[in-house]
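A quick write-up on the structure given underneath.
Basis for what follows: all heavy atoms, side chains included, without hydrogens, waters or symmetry-related copies.
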Amino acid sequence: MESRFSDGDIKSWEEVSLLYNSALKQINTKIEILNDEFQEVHRYNPIEHIKSRIKTPESIVKKLRRHGYESTLENMMKYINDIAGIRIICSFTSDIYRIADMISNQQDIKVLTIKDYIMNPKTSGYRSYHMIVAVPVYLSDHKAEVKVEVQIRTVAMDFWASLEHKIQYKFETKAPANIKAQLFECAKMVAELDDRMLSLNEEIQAITLQNE
């Protein structure tokens, strides 16, 4: 199997990359508008910040190889759902589901799959809310439905996930058992912190309402 796309596919890869970048721009704009609206109506911004990225061809080929597929553009678009990825970082766990609902309610966005790693964390302790959505991209002569992976997590979850990724990368995903155990314990601490911060915010909101 080729370790990269063949030279004959370079032009096609550039066109595909344009599609995925366009999809990211569209969903970024939608999320920013929703955040602005929420600020106007509720005087509160649920979103702390947004990150987005496009996987490199090399990373895509590695994932295709790992799943036993040939490295063709057709397989890439069919089997790889996270070529375009957007990560939404929010303050509280309640914001995660609020944002997910706002995205789902967009009439031109199709929700293809949902994985709730908050209600059902991974064995590593990883917690986040994942959606695969299809976003319409309108070009000069046709419309394309482009898949984008949306990850929604709290600041605390993102802090843990970022460090866990760096540690696993350092050990090439084969970290010693004691390291994994400590990471899992840290994940539990993050979950407890999120719960306490949510409870504190609800208490503050209740006091604010009483004083109005």
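Taking the side chain as every heavy atom from C-beta outward, Val137 and Leu139 approach each other to under 4.5 Å. Under the 4.5 Å side-chain criterion, counting only non-hydrogen atoms from C-beta, Leu163 is in contact with Phe159. Between Met76 and Ser71, the closest side-chain pair of non-hydrogen atoms is not below 4.5 Å. No side-chain heavy atom of Phe184 sits less than 4.5 Å from a side-chain heavy atom of Cys186. Between Val148 and Ile86, the closest side-chain pair of non-hydrogen atoms falls below 4.5 Å. Side-chain contact between Ser52 and Asn28 is present, with heavy atoms from C-beta onward closer than 4.5 Å. Side-chain contact check for Met131 versus Ser104: some heavy-atom pair is nearer than 4.5 Å. Taking 4.5 Å as the limit, every side-chain heavy atom of Ser22 sits out of range of all side-chain heavy atoms of Leu19.
A donor-acceptor contact under 3.5 angstrom links the side chains of Gln151 and Glu149, judged on distance only. If you check the side chains of Asp194 and Thr93, you find no donor sitting under 3.5 Å from an acceptor.
The aromatic ring centres of His67 and Tyr79 sit 6.0 Å or more apart.
In this structure, Lys143 pairs ionically with Glu145, as a charged nitrogen and a carboxylate oxygen lie closer than 4.0 Å.
Smallest separation of non-hydrogen atoms from Ser94 and Leu198: OG-CD1, 3.4 Å. Summarising the geometry of Pro121 relative to Arg127, their closest heavy-atom pair is CB-CG, 3.8 Å, with the distance given to 0.1 Å. Nearest heavy-atom pair across Ala187 and Gly125 is CB-O, 3.4 Å. Nearest heavy-atom pair across Pro46 and Cys90 is O-CB, 2.9 Å. The heavy-atom pair separating Gly85 from Leu24 by the smallest distance is O-CD2, 3.6 Å.
Looking at Asn75, its side chain never comes within 3.5 Å of a backbone N or O of Tyr69 through a donor-acceptor pair. A donor-acceptor pair under 3.5 Å is absent between the side-chain atoms of Ser59 and the main chain of Lys55, judged by distance alone. Proximity of a side-chain donor or acceptor of Trp160 to a complementary backbone N or O of Lys188 within less than 3.5 Å is not detected.
Rounding to the nearest 0.5 Å places NZ of Lys115 at 13.0 Å from OH of Tyr129. Within the model, atoms CD1 of Ile96 and CD1 of Ile88 stand 10.0 Å from one another, a figure rounded to the nearest 0.5 Å. Rounding to the nearest 0.5 Å gives a distance of 8.0 Å between CD of Glu192 and CG of Asp195. To the nearest 0.5 angstrom, Met157 atom CE is 10.0 Å from Leu193 atom CG. Here the straight-line distance linking atom OG of Ser162 with atom CZ of Arg153 works out to 6.5 Å at 0.5 Å rounding. In this structure, CG on Asn81 lies 12.0 Å from NZ on Lys78, to the nearest 0.5 angstrom.
The side-chain hydrogen bond (donor to acceptor under 3.5 Å, both in side chains) search around Glu32 returns none, not counting sequence neighbours. Asn201 meets the side-chain hydrogen bond (donor to acceptor under 3.5 Å, both in side chains) test with no other residue; sequence neighbours excluded. Remark: Asn21 pairs with Ser17 by the side-chain hydrogen bond (donor to acceptor under 3.5 Å, both in side chains) rule, at least two apart or across chains. Scored by the side-chain hydrogen bond (donor to acceptor under 3.5 Å, both in side chains) test, Tyr97 finds Asp116 as partners (sequence neighbours excluded).
Each of Val146, Thr72, Val16 was scored for a side chain to side chain contact (heavy atoms under 4.5 Å, CB included) with Met77, with one residue passing: Val16. Under the side chain to side chain donor-acceptor pair (under 3.5 Å) rule, Asp82 has a single partner from Lys63, Lys147, His130, which is Lys63.
With a 6.0 Å radius and a threshold of 12 heavy atoms from other residues, nucleotides or ligands, Lys51 has its NZ atom above the threshold.
Within the hydrophobic cluster formed by Ile, Leu, Val, Met, Phe, Trp and Tyr side chains joined at under 4.5 Å, directly or through other members, Leu112 is accompanied by Ile132.
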Practice task
Begin with the C-alpha distance, continue with both residues' side-chain angles, and end with the deciding distance and a verdict on salt bridge (Lys or Arg N to Asp or Glu O under 4.0 Å) for Asp108 and Lys30.
Solution key: CA-CA 11 Å; Asp108 57 347; Lys30 286 178 177 292; 2.9 Å; yes
Exercise for the section: Apply side-chain contact (heavy atoms from CB on, under 4.5 Å) to the pair Tyr44 and Ser91, showing each step before the final yes or no. Expected result: CA-CA 11 Å; Tyr44 168 63; Ser91 302; 4.2 Å; yes
Problem - Ser124 and Leu183: CA distance, side-chain angles, deciding distance, side-chain contact (heavy atoms from CB on, under 4.5 Å) verdict - result: CA-CA 7 Å; Ser124 64; Leu183 283 170; over 6 Å; no
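Cluster annotation: Phe38 is not connected to Val155 through the hydrophobic network of ILVMFWY side chains, with a link wherever side-chain heavy atoms come within less than 4.5 Å. When the side chains of ILVMFWY residues are joined at heavy-atom separations under 4.5 Å, either directly or via intervening members, Met189 and Tyr117 end up in two distinct hydrophobic clusters. Hydrophobic clustering, with ILVMFWY side chains joined whenever heavy atoms are under 4.5 angstrom apart, groups Ile31 together with Ile114. Under the 4.5 Å side-chain contact rule for hydrophobic residues, Val41 and Leu34 do not share a cluster. No single ILVMFWY cluster, assembled from side-chain heavy atoms under 4.5 Å apart, contains both Ile89 and Met197.
Applying the salt bridge (charged side-chain N to carboxylate O under 4.0 Å, His left out) definition to pairs two or more places apart or across chains, those involving residues 83-98 are Arg87-Asp158, Asp95-Arg98.
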